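Being a predicted model, the structure only gives us computed values, none of them experimental. All values below come from the heavy atoms of this structure, side chains included, with hydrogens, waters and symmetry mates left out. Chain letters run A, B, ... following the sequence lines, proteins first and then strands; every chain starts at 1.
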Number of protein chains: 2
Amino acid sequence: MPYIHTHRILVALDCIIFGFDGEGLNLLLVKRNFEPEIGKWSLMGGFLNEGENLEDAAHRIVYDLTGLDNNYLEQFQTFGAINRDPVERTISVAYYALVNIEDQDLNAIRSHNASWISLSKKPKLIFDHDRMVEEALNRLRTKAALNPVGFELLPVKFTIPQLQKLYEAIYDTKLDRRNFSRKVLSTKLLVGTGEKDMGSQTKKGQLYTLNAPEYIRQQKGNFGFMPELIMAED
Amino acid sequence: MPYIHTHRILVALDCIIFGFDGEGLNLLLVKRNFEPEIGKWSLMGGFLNEGENLEDAAHRIVYDLTGLDNNYLEQFQTFGAINRDPVERTISVAYYALVNIEDQDLNAIRSHNASWISLSKKPKLIFDHDRMVEEALNRLRTKAALNPVGFELLPVKFTIPQLQKLYEAIYDTKLDRRNFSRKVLSTKLLVGTGEKDMGSQTKKGQLYTLNAPEYIRQQKGNFGFMPELIMAED
DNA sequence: ATGTAATTGTGTAGTAGCTACACAATTGAT
DNA sequence: ATCAATTGTGTAGCTACTACACAATTACAT
């Protein structure tokens, strides 16, 4: 027997998908070829299906667009202003995702008419999506200062300077190379592979990978991963 | 024209209402005299109405139960497991509120069959409400370490030892009296009233009030109000 | 009024962590 | 081999937190 005299509404999910291209943070945005607001940019989103958990729906949406599962995904806020969707009353549960930009499924992205766009060149988005991006970035900043999470944005093997560039991008700041590397190594989160990076930009950095058990452990509690980076949220 | 082929569901809100009685944190809980789960304890909740913002609905729910508006209220998570409500698929947007236990409207509380219950003696709650309380406390702990928020739980005028007891309750720990008072006074958040507390417990503490503009300013950014209190979340 | 116990406020040494920078080691190219 | 670019280690200065000694204040009993 259902509840009576109650109002059922649409529940959407919107995903702020962050990627890192070695220089700055990027967003995976969709140029809409469907109504409403056709032709404009928006976040990737969708509706919650019958018999589907919120978490599962968020994963589904990210998977549809990138072909990737197992991404870092965190719910951060639910947006419920009355007129946020002009078509019909809809509340939207927002998640941000961190994905490795290199592992993406280019076909999936093309078929959704999506592109990676530098956060610094973000166009105006539809509805309240601009605010969602802003809040997602705030959340990512606080989270990454307390727990090691940014690594999800890098390839499996990476150099310390690459990791530093990532943190500089997240916080839009410059960090001291020497202190950064010392700090990161002291966490025991990284294990050297012995290999060197023969790739494009860096010349001599040793490649590291995550020490998976320690990584999982430190994601659980608040360890103050880089507490000095906590800064104004707004 | 509405969206088609989409699934509309119930949106509920649940409020974790924290109060402080001078010793420990308390929760305002409802002993249900209505179905489902009549006779069991639950959080105060309600459904989102047509034409009502999420924020407004949360304020309405807290106001109905306590007679108080203008409380500190923060949305912290949306719970959407398929079977979390056995009656019908419902997602619930959870907020926690900080209220001054002394200002409450006793009639409103009685008429809802609600009581203040010490967090340490919390009974088992219905549905997923236990987890909501757990997550709310985690969130409050992180929040109170980064920003001054706990003051909402105290009377307008309070002594520093009272404030210390509050922080000790939130973090379930003991703090050094001398360092605590120094730290708090250094924030410029408090202004002495000159008056003394002739009340019940404390004997000689000067009464302080909030320096409102500074309080509002420091709630906005992350200033690391008491960063040493950040601890494991789980 | 005066003394005593309880409580509150100030000083400070020790420690840990962050910042800034000097200097050494390593790598890749000529 | 030599040099330039890059990366790794040492360390002094600063700030903030901790722990505790000691001084000041208050409440209350006599």
Quiz prompt | Pair assignment for DNA chain D - dot-bracket with | for other-strand partners, Watson-Crick or G-U under 3.5 Å | solution = ||||||||||||||||||||||||||||||
Quiz item: Quick one: do A:E168 and A:K165 make a salt bridge, cutoff under 4.0 Å?
Solution: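 Looking at A:E168 and A:K165, the cut-off is not met.
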Practice problem: Decide, yes or no, whether a salt bridge links B:R139 with B:E135 under the criterion of side-chain N to carboxylate O below 4.0 Å. | Solution: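 Here B:R139 does not pair with B:E135 in a salt bridge, since their nearest N and O are not under 4.0 Å apart.
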Whole-Å gap separating [atom2] ([N]) and [atom1] ([X]):
X: A:L175; N: C:dC21; atom1: CG; atom2: P; answer: 15 Å
X: B:I160; N: C:dT10; atom1: CD1; atom2: C1'; answer: 13 Å
X: B:R178; N: D:dA21; atom1: CZ; atom2: P; answer: 8 Å
X: A:L207; N: C:dT27; atom1: CG; atom2: C1'; answer: 14 Å
X: B:Q164; N: C:dG9; atom1: CD; atom2: P; answer: 11 Å
X: A:Y208; N: D:dT7; atom1: OH; atom2: P; answer: 11 Å
X: A:D176; N: D:dT11; atom1: CG; atom2: P; answer: 17 Å
X: A:L190; N: D:dG8; atom1: CG; atom2: C1'; answer: 15 Å

Self-check item: Sole residue of A:N211, A:I216, A:L210 in side chain to side chain contact (heavy atoms under 4.5 Å, CB included) with A:E214
Solution: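 Exactly one pass, corresponding to A:N211.
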List every contact pair, protein side and nucleotides 14-16 of chain C side both N or O, where the distance is under 3.5 Å.
none

Quiz item: Would A:F158 and A:Y208 count as a close aromatic pair, with their ring centres under 6.0 Å?
Solution: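 Between A:F158 and A:Y208, the centre distance exceeds or equals 6.0 Å.
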Practice problem: For each nucleotide in nucleotides 12-18 of chain D, reading 5' to 3', give B when a protein heavy atom comes within less than 4.0 Å of its base, S when such contact involves only the sugar-phosphate, and - otherwise. | Solution: -----SB
Quiz item: Do B:R141 and B:N138 get their side chains close enough for a donor-acceptor pair, meaning under 3.5 Å?
Solution: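 B:N138 and B:R141 do not have a side-chain donor-acceptor pair below 3.5 Å.
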Exercise. Go through the structure and list residues passing side-chain contact (heavy atoms from CB on, under 4.5 Å) with A:I126, not counting sequence neighbours.
Key: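 If we apply the side-chain contact (heavy atoms from CB on, under 4.5 Å) test to A:I126, skipping adjacent residues, the hits are A:R32, A:E37, A:K40, A:S42, A:H129.
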Quiz item: Just wondering, more than 12 heavy atoms not from B:Y63 lying within 6.0 Å of its OH?
Solution: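 Not more than 12 within 6.0 Å, no.
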Quiz item: Under the 3.5 angstrom rule, does the side chain of A:N147 hit a backbone N or O of A:Q219 as a donor-acceptor pair?
Solution: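 Yes: the side chain of A:N147 pairs with the backbone of A:Q219.
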Quiz prompt | Exercise: identify the closest heavy-atom pair between B:A169 and B:F20 | solution =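 Nearest pair, atom of B:A169 first, then B:F20: CB-CE1, 3.9 Å.
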Self-check item: Set of side-chain hydrogen bond (donor to acceptor under 3.5 Å, both in side chains) partners for B:N26, sequence neighbours left out
Solution: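 Checked B:N26 against side-chain hydrogen bond (donor to acceptor under 3.5 Å, both in side chains); zero matches.
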Self-check item: With sequence neighbours excluded, residues passing salt bridge (Lys or Arg N to Asp or Glu O under 4.0 Å) with A:K121
Solution: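 Result, salt bridge (Lys or Arg N to Asp or Glu O under 4.0 Å) vs A:K121: none returned.
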